[in-house]
Amino acid sequence: MPYSKDIDRKWQKRWEETKLYKFHPEKVDKKLYCLEMFSYPSGAKLHVGHWYNFGLSDSWARMKRMQGYEVFQPMGFDAFGLPAENYAIKTGIHPQDSTMKNIETMETQLREMGATFDWDYEVVTCSPEYYKWTQWLFLELYKTGLAYRKEAPVNWCPKCSTVLANEQVQDGKCERCDAEVTKRNLTQWFFKITNYAQELLDKLEGLDWPEKTKKIQTNWIGRSEGAEIEFKLESSDISFKVFTTRADTLLGVTYVVLAPENELVDRITTPEYKKAVEVYKEHVKKETEIERLSTTKEKTGVFTGAYAVHPITKERVQVWISDYVLASYGTGCVMAVPAHDERDFEFAQMFNLPIKRVIKGLKGVDDKLPFVDYGVLVDSEEFSGLTSEEARIKIVEKLAAGNMGELKINYRLRDWLVSRQRYWGAPIPIIHCESCGVVPVPERDLPVLLPYDVEFAPDGESPLKKSKEFMNTVCPTCGKPALRDPDTLDTFVCSSWYYLRYADNKNHEKAFDKEWINKLLPVDKYIGGAEHAAMHLLYARFITKALRDAGHLSFDEPFLSLVHQGTILGSDGEKMSKSKGNTVSPDEYIDEYGSDVFRCYLAFGFNYIEGGPWSDDGIKAMSRFVSRIEKIVDRLKELRDKQENKEMGAAEKELNYVRNLAIKYVTKDAEIFQFNTSVAKMMELINALYDYDNNVKDKNLELFEDSIADLIKLLAPFAPHFAEEMWEKLGYNDSIFNVEWPVWDEKALVKDTIEIAIQVNGKLKGRKEIPSTADDKAVEELVMADPEVKEYLEGKQVVKVIVIKNRLVNIVVK
RNA sequence: GCCGAAGUGGCGGAAUGGCAGACGCACAUGACUCAAAAUCAUGCGCCCUCAAAGCGUGUCGGUUCGAGUCCGACCUUCGGCACCA
């Protein structure tokens with residue numbers, strides 16, 4: 001029977017019956033935790049991206065299984081989130097109903113992929129059994145002081161009177177009604193990830209992660225060393241601090257700038273400037289952060305009428321507000337040094353503020369203003385003549401003596417805002433009591449169930465606030481009537497700990513068993529898209545550390561090794577999307593070719609890490625490859641017992657060489673997710689088998705059979721159903737996945753003679769067969785004695801001869 | 001604007017500083033066939049009628065006996081973003 005979807009079904013059924021892929025906890029000492037980022041259950045069927053991520057990760061996991069590891073490869077769904085809620089608003093179908101239905105469809109399709117997921121360990125983040133423990137996690141962070149409340153702005157659409165996600169704001173307008181979006185302050189929950197900024201930075205070094213991802217996290221955390229300097233307001237006891245990395249330029253400060261949102265602004269603005277300041281603040285509320293951070297935009301800002309006193313010169317400097325200063329970074333206040341900062345320079349020119357040079361470039365350096373490099377101080381009182389490096393310390397030392405400044409390390413990383421004014425998420429397990437204040441829900445009362453019957457159409461309030469049954473409760477402390485927190489948790493909270501729950505998903509007593517988790521984790525190989533390089537991966541690392549410090553586990557990092565698969569784009573080179581109409585449905589290909597051919601094609605047609613535009617030009621070749629293997633298996637069965645030749649002649653040696661080469665490089669390349677070259681090496685082996693069959697009459701059948709068996713073993717992770725079928729055809733009863741992964745014989749890779757290249761002055765001039773046993777000196781002699789080489793060297797002087805073993809000889813002549 | 005990554009045949013893509021183009025696709029030719037498909041075999045970077053020679057990894061320089069690979073500048077494309085003081 002030629003390979004088809006029917007073979008897929010046959011083996012899927014067999015695997016299920018024999019529980020082939022069941023994880024055995026008792027073999028945890030050989031464990032390998034292979035995890036793919038779980039997916040969001042969207043309405044559409046599995047797309048090529050799922051196959052690319054899950055299918056090929058599964059191939060890697062299967063290889064590891066054959067190599068003797070006890071592979072733990074679970075699967076689940078990140079099921080809360082905005083799309084289901086939006087879909088519900090549009091269609092009236094309840095998020096829970098649509099989500100559960102989508103999960104069912106995706107589970108079926110994932111099973112059809114033939115991946116080795118152990119479904120006994122499935123987690124679904126929107127099920128109460130799961131979010132009970134998400135809520136527990138929140139309470140743990142609350143207990144340890146890592147969850148706190150503060151005011152923070154949200155995107156607000158005045159027309160829909162609703163909070164919008166950044167994604168729902170298009171060019172500053174609401175995606176639904178096109179009204180101009182503004183900002184509104186709400187009291188919201190935060191996780192104190194900044195407590196872990198330094199550890200999150202330090203521990204990156206030991207991780208087997210792509211350098212690019214480490215760089216992204218490093219930049220995201222954004223450590224910078226500088227100083228905090230205090231400025232006092234003129235004739236007032238109000239003061240404020242600025243953060244600067246360039247304390248050496250302090251004497252060049254000619255004005256200071258506050259973020260418009262800074263709470264000081266209202267207190268210091270003088271009556272005559274009040275109106276202008278208010279107008280400007282309203283204007284800034286309508287800007288997105290990206291807009292505020294655009295360098296091409298003209299500088300804007302207004303004077304507050306207030307003056308600050310320079311901490312050293314005691315000169316009075318104007319206090320301005322401008323959108324280029326962010327409330328969320330540093331102290332929300334900036335000292336402006338227009339001579340030595342490009343933004344300040346531009347701003348000063350715009351508003352005619354003074355510019356004072358205090359740094360001169362070293363000799364020969366162009367120090368035209370704005371001069372932003374380090375140099376030597378001038379016009380800086382007793383600091384003149386110091387280098388920038390010296391001055392930035394000395395100046396802070398002097399300030400510190402007067403309690404006016406200190407050295408300080410600042411991080412760009414902000415605390416994680418976890419409150420969402422949404423329905424489809426885990427309710428925040430907090431009760432607000434008039435007499436007791438903020439009261440955590442006692443653990444015994446978890447989960448705080450998300451009510452089903454809720455009006456979640458946007459009308460200005462958190463949807464849960466409108467459910468009386470949900471909101472009204474009693475205070476666990478004093479027993480008086482109290483209200484629940486109406487917000488839900490960011491879905492990133494759900495996904496920041498799911499890899500822990502997988503390990504112990506049926507535990508009703510706790511989120512997970514500490515002892516067990518310490519054995520099965522950390523995750524050995526984590527595979528997912530690069531778009532999660534900053535947020536998800538950082539959040540998960542943070543939660544792991546927070547739980548460690550709370551005593552719930554004892555490892556530092558959740559994911560030891562990380563791989564990002566590339567993105568498969570539409571054939572037009574654009575990201576696949578329904579609206580562009582460039583999506584590719586795997587189902588059609590699977591119906592036509594079978595899932596293994598599709599998987600192999602994904603393995604062969606792309607560089608896994610890079611991805612690329614979809615094209616099905618090569619998929620027929622994969623089908624051909626598979627049928628060539630089936631034919632050689634048939635051929636072998638036909639030949640069996642007919643011939644007897646135990647000789648290892650030249651043809652046999654060549655076949656054995658290609659066979660061992662294939663074993664070596666499939667093993668090495670697949671290990672590092674280089675699946676395209678792995679498949680190429682298998683193709684070379686099948687080509688060699690055909691060559692041998694076509695050209696050698698009296699075959700060494702033992703070698704022929706062993707080579708074919710090895711090829712099928714190598715192929716098994718990539719074409720699991722087909723390989724099982726072939727294995728059975730060869731007469732084996734046990735599953736091929738219980739067979740050991742082949743090991744190459746280094747001796748078989750040593751050839752009698754090798755062809756090396758001959759270069760003269762680096763230019764290729766010819767090739768020559770030489771015995772592989774010859775040492776460098778012998779190789780040089782052989783080459784120099786070659787008549788053609790002699791001809792080349794006629795009348796030239798040989799300067800030196802470079803021999804690169806097994807590769808080439810380069811003769812340098814004059 | 002800043003940061004990061006990448007530019008290799010008609011196409012997907014290979015190449016520890018050491019013979020560029022593995023393995024495929026497409027194409028061409030041949031065998032088989034009444035014919036086509038399938039299959040098998042051979043060829044296939046550019047220039048050139050052929051051969052030889054030459055030219056070839058975005059562009060220009062550099063390091064090196066030797067550069068797709070390392071260094072510098074530039075161009076283009078794709079990702080990420082934070083005017084980060």
Side-chain angles (χ1 to χ4, degrees), chain A residues 210-213 215-216 218-220 222-224 226-227 242-247 249 256-257 289-297 299 322-326 328-337 340-344 346-347 372 410-414 530-531 533-534 566-567 569 573-575 601 604-607 609-622 624-625 627-628 631 665 669 674 676-684 686-687 690-691 694 755-767 799-813:
Chain A
E211 284 308 314
K212 187 186 154 187
T213 310
K215 224 172 246 174
I216 289 170
T218 304
N219 291 345
W220 192 271
R223 177 188 156 106
S224 64
V242 302
F243 175 73
T244 179
T245 53
R246 291 297 303 272
T249 63
V256 294
V257 192
E289 200 156 301
I290 300 277
E291 277 170 342
R292 287 177 68 163
L293 304 181
S294 160
T295 42
T296 44
K297 195 175 68 97
K299 291 278 171 289
S322 173
D323 59 357
Y324 80 85
V325 178
L326 301 182
S328 55
Y329 182 77
T331 60
C333 311
V334 170
M335 63 178 216
V337 189
H340 305 294
D341 182 285
E342 276 170 28
R343 292 154 310 160
D344 298 345
E346 213 185 305
F347 193 84
V372 300
N410 201 40
Y411 298 92
R412 192 206 72 106
L413 185 67
R414 304 172 196 167
E531 68 273 19
T567 315
L569 305 168
E574 302 275 331
K575 259 192 184 138
Y601 177 62
F604 181 63
F606 304 86
N607 174 315
I609 311 289
E610 283 168 20
W614 173 258
S615 150
D616 60 8
D617 281 350
I619 197 160
K620 282 208 183 86
M622 243 24 265
R624 179 148 53 229
F625 172 57
S627 67
R628 268 162 74 87
K631 269 189 264 176
Y665 286 103
D669 290 352
Q674 206 169 298
N676 51 352
T677 49
S678 301
V679 176
K681 280 285 177 291
M682 291 186 243
M683 286 174 167
E684 285 179 34
I686 190 78
N687 289 344
Y690 270 74
D691 267 354
N694 288 336
E755 190 187 62
I756 61 161
I758 299 172
Q759 295 181 340
V760 176
N761 286 344
K763 291 257 179 202
L764 182 68
K765 292 299 177 192
R767 300 187 168 88
V799 180
K800 65 173 159 177
V801 179
I802 292 152
V803 180
I804 306 294
K805 197 155 176 47
N806 296 350
R807 292 278 184 179
L808 57 75
V809 173
N810 187 14
I811 306 164
V812 186
V813 298

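Note: hydrogens, waters and symmetry copies are ignored here, and every other heavy atom, side chains too, is used. All figures in this text were calculated on a predicted structure; none of them were measured in a lab.
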Looking only at side-chain atoms of [X], point me to the closest of [options].
| X | options | value |
| --- | --- | --- |
| A:Lys800 | B:rA22, B:rG13, B:rC65 | B:rC65 |
| A:Arg624 | B:rC65, B:rA26, B:rC19 | B:rA26 |
| A:Leu326 | B:rC55, B:rG18, B:rC84 | B:rC84 |
| A:Glu684 | B:rC55, B:rG66, B:rC23 | B:rC23 |
| A:Asn694 | B:rG4, B:rA41, B:rA22 | B:rA41 |
| A:Met683 | B:rG24, B:rU39, B:rG13 | B:rG24 |
| A:Phe604 | B:rU16, B:rA15, B:rC23 | B:rC23 |
| A:Arg412 | B:rU16, B:rC65, B:rA82 | B:rA82 |
| A:Tyr690 | B:rG18, B:rC40, B:rC23 | B:rC40 |
| A:Ala680 | B:rA85, B:rA41, B:rC23 | B:rC23 |

Any side-chain N or O of [X] below 4.0 angstrom from OP1/OP2 of [N]?
| X | N | value |
| --- | --- | --- |
| A:Asn676 | B:rC23 | no |
| A:Arg807 | B:rG17 | no |
| A:Gln674 | B:rA15 | yes |
| A:Asn410 | B:rA85 | no |
| A:Lys215 | B:rA5 | yes |

Heavy-atom check, side chain of [X] versus side chain of [Y], under 4.5 Å:
| X | Y | answer |
| --- | --- | --- |
| A:Thr244 | A:Arg246 | yes |
| A:Thr249 | A:Met335 | yes |
| A:Asn810 | A:Val801 | no |

[atom1] of [X] versus [atom2] of [N]: gap in Å, rounded?
| X | N | atom1 | atom2 | result |
| --- | --- | --- | --- | --- |
| A:Ile619 | B:rC25 | CD1 | C1' | 12 Å |
| A:Arg628 | B:rU39 | CZ | P | 9 Å |
| A:Tyr601 | B:rG24 | OH | P | 15 Å |
| A:Lys763 | B:rG56 | NZ | C1' | 10 Å |
| A:Asn806 | B:rA15 | CG | C1' | 17 Å |
| A:Lys299 | B:rA85 | NZ | P | 15 Å |
| A:Asn219 | B:rG80 | CG | P | 15 Å |

Whether over 12 other heavy atoms sit under 6.0 Å from A:Lys620 NZ: no
Base, sugar-phosphate, or nothing: which does [X] touch, judged by heavy atoms less than 4.0 Å apart?
| X | value |
| --- | --- |
| A:Arg223 | nothing |
| A:Glu755 | base |
| A:Leu808 | base |
| A:Gly611 | sugar-phosphate |
| A:Phe625 | nothing |
| A:Asn687 | sugar-phosphate |
| A:Gly330 | nothing |
| A:Ser224 | sugar-phosphate |
| A:Glu610 | nothing |
| A:Lys681 | nothing |

Modelled atom types, side-chain donor and acceptor of A:Asn687 and A:Arg628, under 3.5 Å: yes
Side-chain donor/acceptor contact of A:Arg767 with base of B:rC19 under 3.5 Å: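 Result: at least one qualifying N/O pair found.
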B:rC25 base / A:Asp617 side chain donor-acceptor hit below 3.5 Å: no
Find the partner of [N]: check Watson-Crick (N1-N3 plus N6-O4 or O6-N4) and G-U wobble (N1-O2, O6-N3) distances, both under 3.5 Å, and reply none if neither fits.
| N | result |
| --- | --- |
| B:rU16 | none |
| B:rG79 | B:rC3 |
| B:rU42 | B:rA28 |
| B:rC34 | none |
| B:rU57 | none |
| B:rC70 | B:rG62 |

Atom [atom1], compared across [N] and [M]: separation rounded to whole Å:
| N | M | atom1 | value |
| --- | --- | --- | --- |
| B:rG4 | B:rC70 | P | 15 Å |
| B:rC11 | B:rG45 | C1' | 13 Å |
| B:rC19 | B:rA15 | C1' | 11 Å |
| B:rU49 | B:rG62 | C1' | 41 Å |
| B:rG7 | B:rG56 | C1' | 16 Å |
| B:rG9 | B:rG21 | P | 14 Å |
| B:rC78 | B:rU29 | P | 39 Å |
| B:rC3 | B:rA53 | C1' | 47 Å |

Nearest 0.5 Å please: distance from the [atom1] atom of [X] over to the [atom2] atom of [Y].
| X | Y | atom1 | atom2 | result |
| --- | --- | --- | --- | --- |
| A:Cys333 | A:Phe243 | SG | CZ | 13.0 Å |
| A:Asn410 | A:Arg223 | CG | CZ | 10.5 Å |
| A:Tyr601 | A:Ser615 | OH | OG | 4.5 Å |

Under-4.0 Å salt bridge between A:Glu684 and A:Lys681: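 A salt bridge links A:Glu684 with A:Lys681.
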Along RNA chain B (nearest heavy atom to each residue), the more 5'-positioned of A:Lys212 and A:Glu531: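 Checking each residue's closest nucleotide, the 5'-ward one belongs to A:Lys212.
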Along RNA chain B (nearest heavy atom to each residue), the more 5'-positioned of A:Leu764 and A:Val325: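 Its nearest nucleotide lies further toward 5', so the answer is A:Leu764.
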Syn/anti state of B:rG9 by chi, 90° boundary around 0: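 Glycosidic conformation of B:rG9: syn.
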Heavy-atom donor-acceptor pair, A:Asn694 side chain to A:Tyr690 backbone, under 3.5 Å: yes
